[in-house]
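These notes are about the structure you will find just below.
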Amino acid sequence: NDVFSSVADKYDIMNDLMSFGTHHLWKRFAIELSSVRTGCNVLDVATGTGDILKKIKNINCFSIGIDQNFDILKLAKNKLINNCVIPNLVNGKSEKLPFKSDIFDLVITSFGFRNFTDKSAALREFKRILKLSGKLVILEFSEPSPFINYIYKFYRSKIIPKLGEYVTGDKMSYQYLSESIEVFEKQEQLKSLIEKSGFENVTYNNLMSGLVAIHKGYKC
């Protein structure tokens, strides 16, 4: 919470700078793979400043965003209102979601899953609140090909913390970002973790040679 509160006012700017704006393309592709459609009930977990909710605003579905950080949610509320989106936002933890069972058609999370304290508990909660045949979509950083990974590690560990210090005045929060990516489960490891939580037909799509990956699974 302290990490995200300290950089909240520059959160969107840093995301754009660090990814050269490509995180918007990754999120749109994750939405396409989710097959979200009219009439769906959608939960965006670790919604951040509401990017996913903003991007699905033209789909006639009921969407809720949940995030543990209240400062980030205040930014999400303002962003969504300014983009004519009803800000259905909840402050809460992914490991103990404040929703009834079997009510969502889609659970989606983008670049938040690696920050969860107990990923297995969160996955069990995702399964609980999904309807039968409901879909889970996780967009996260992953392990790219060796050559790209060599360059990426240098950029992530050396450049991003300095960029964070220059833009936000907080080097340590972006050092944490680099470290959280380093220790996060790779493609096959995350696939196995999702399967162990009871999801079926789990697959993943690599983007940018595996720099990020989109995992999908179903409640069957």
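What you see below is based on every heavy atom in this structure, not just the backbone, and it leaves out hydrogens, waters and symmetry mates. From a predicted model like this one, the values you see are computed outputs, not experimental measurements.
K131 and D105 are joined by a salt bridge, as a carboxylate oxygen and a charged side-chain nitrogen come within less than 4.0 angstrom of each other. Checked for salt-bridge contact, E200 and K219 miss the test: no charged N lies under 4.0 Å from a carboxylate O.
Within the 4.5 Å cutoff, side-chain heavy atoms of F99 are placed close to those of F104. A 4.5 Å side-chain heavy-atom check between I194 and L136 finds at least one atom pair inside the cut-off.
Counting heavy-atom neighbours within 6.0 Å of Y155 OH, excluding the residue itself, gives a total above 12.
Within the structure, side chain to side chain donor-acceptor pair (under 3.5 Å) pairs that include any residue of residues 75-88 comprise D12-K79, T49-K79, D51-K79 (at least two apart or interchain).
Residues forming a salt bridge (charged side-chain N to carboxylate O under 4.0 Å, His left out) with D9 (at least two apart in sequence, or on another chain): none. Take C84 and apply the side chain to side chain contact (heavy atoms under 4.5 Å, CB included) test, not counting sequence neighbours, and it matches no residue. F116 pairs by the ring pair (Phe, Tyr, Trp, His ring centres under 6.0 Å) definition with F113, not counting sequence neighbours. Legend: residues meeting salt bridge (charged side-chain N to carboxylate O under 4.0 Å, His left out) with R128, ordered by chain and number and at least two apart, are E125. Among residues two or more places apart in sequence or in another chain, the side chain to side chain contact (heavy atoms under 4.5 Å, CB included) test is passed with F154 by K158, I159.
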Working for side chain to side chain donor-acceptor pair (under 3.5 Å), residues N69 and Y11: CA-CA 12 Å; N69 188 275; Y11 184 81; over 6 Å; no
Pair Q187-N206, side chain to side chain donor-acceptor pair (under 3.5 Å): steps then yes or no: CA-CA 9 Å; Q187 289 93 326; N206 284 325; 3.0 Å; yes
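Aromatic ring pairs are classed by plane angle as parallel below 30°, tilted from 30° to 60° and perpendicular above 60°; the pair F111 and W26 is tilted.
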